[in-house]
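Reminder, nothing fancy here: chain letters follow the sequence lines and each chain counts from 1. As the structure is a computational prediction, the values presented were derived from the model and not from experiment.
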Amino acid sequence: PAMAARLLLRAARPLLAGAGRGTGLGSAFSTAPPPEKKRWLRAYLELQRLQAPPQRRSEKPNWDYHAEVQAFSHRVQENFALDLLKTAFVNPCYIESEEARRRRLGLDKDAVALQLQDNTGLAERGLRFARAYLAQCFEGAYPELPAKGIEALVNFLTSQELVSHVAQNLSIQDLALCRDFPAPPDVLQRTFLAVIGALLESSGPERTGIFVRDFFIPQLIGKDLFEIWEVVNPMGLLLEELTKRNISAPEPRITRQLGVSTVLPVYFVGLYCDKKILAEGPGETLLAAEEEAARVALRKLYGYTENRRPWDYSKPKQELAAEKAISSN
Amino acid sequence: RYVRQLQRLQLLFSPTAADARGARQFVEEAAQDFARRHPDVVLYVSPHSGPGPAPVLRAEYLNGTVRDELIASKTSEEIVQLATKLANQSGLDIIRIRKPFHTDNPSVQGQWHPLTNKPSILTVQGPRLQPQ
């Protein structure tokens, strides 16, 4: 019975300590009160633990940087040159803060200068490669899409929010060395692009291309073209496109209408070229419906409709890689 | 590509307690094997001496969730099974799934709206043409 009671006691304590699991962070075992502390003190210590400011994972117990970096390369299924990868995680703000700290601690000039290189060079190379590769992908997949559209798509995919979101979910925020915690999104973006640059240096353009494709292109799933690309005058753009293909100007006609005299009318405006239907779009007012019809027509022309074929992830794209190698050198 | 969502496993146990026997056996026999089979999970083994909390296997996932599993009085094989189960999970909360189905394309031909099968007002309906 004493043994059973002790076992029960031992099992009960982690359940108490795990009550703060909703916060997700904080380790119960280093700060949990030892068993001989008073019961009335536990609530206060639990409160202290919950109100403590968030700490980096590297400052909590059980952290091995080298092992984590190796695990990262296995998780992403790429072999990196580990020293390049470690340079990719070093940010300039970290180097400055470390040097300032050393100077404050009073070390002499040689010890102050860190032997670390930062990741700006790798980040630039990664960004250039990613942009060029994505632009080429889209040119291949949507040949009708104009340069501005491709630029808008590539800007969206390399934007801060998206890249930092992808980086967060790949645990780069634990591995990146930077001055503030939690790492701001531009630091995460720079670190992730530096990781791409490091991969480019270690494995070459084909593997890096496949990597970029696997992590960036699925972010386009479920997104509409005109959510990403701001087009102010879709009708004007449509007219340009049609003149390029030698089709006459579209004639808008009301196809269906509902609730004209109510507060919420619905108009379906169809665009006809030479009496043949091009596209049809709904809207609240006639102007809004016409603009929507122009957008639908543009989506059809550029081949970016919702029922297009999904992205093809099978081809390794060797010919692209050859051009990439020539253009980046 | 597949990215394993488990980031690291921390094995916290005491080297002398009786209920941590399975954990100690796991560390001696199967932990290295497990780590070799899952190179993308970092396995930390931290024995804390003296009487402490019950032995626990703490799993941290890429989305930040931390899950503690008690391994008191479990055999080494059970701990291996538990660890593989944690390794194959994602870090999403374990709550009731409302529906066992989900689809990204709920409608193939276009969702019905009140004007789907109504003819357009431009369609001219004249008297029936005589066959030629």
Between [options], who has the most heavy-atom pairs with chain B when the cutoff is under 4.5 Å?
options	result
A:Arg57, A:Gln257, A:Gln173, A:Glu280	A:Arg57
A:Glu306, A:Arg253, A:Gln77, A:Gln70	A:Gln77
A:Leu170, A:Ile221, A:Val266	A:Leu170

Can you classify the ring geometry of A:Phe72 versus A:Phe89 as parallel (below 30°), tilted (30 to 60°) or perpendicular (above 60°)?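 Rings of A:Phe72 and A:Phe89: perpendicular, over 60°.
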Quick one: what part of [X] sits under 4.5 Å from any heavy atom of chain A, side chain, backbone, both or neither?
X	result
B:His38	neither
B:Tyr61	neither
B:Leu6	backbone

Between A:Arg295 and A:Glu290, is there a side-chain N and carboxylate O pair less than 4.0 Å apart?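 Not counted as a salt bridge, because no side-chain N and carboxylate O are separated by less than 4.0 Å.
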With a 4.0 Å cut-off on N to O distance, would you call A:Arg299 and A:Asp224 a salt bridge?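 Here A:Arg299 pairs with A:Asp224 in a salt bridge, since their nearest N and O are under 4.0 Å apart.
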Proximal component of [X], with respect to chain B [non-hydrogen, under 4.5 Å]:
X	value
A:Phe268	side chain
A:Ile254	both
A:Asp64	both
A:Gln168	backbone

Any side-chain donor-acceptor pair under 3.5 Å between B:Glu60 and B:Gln10?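 Yes, a side-chain donor-acceptor pair sits under 3.5 Å.
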Measure the shortest side-chain to side-chain distance between A:Glu68 and B:Arg8 over non-hydrogen atoms and say whether it is less than 4.5 angstrom.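 They are in side-chain contact.
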In the structure I gave you, are the side-chain heavy atoms of B:Val80 and B:Asp33 within less than 4.5 Å of one another anywhere?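 The answer is no; the side chains never approach within 4.5 Å.
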Kindly compute the distance separating CD (A:Glu206) from CZ (A:Phe211), expressed to the nearest 0.5 Å.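 Those atoms lie 15.5 Å apart.
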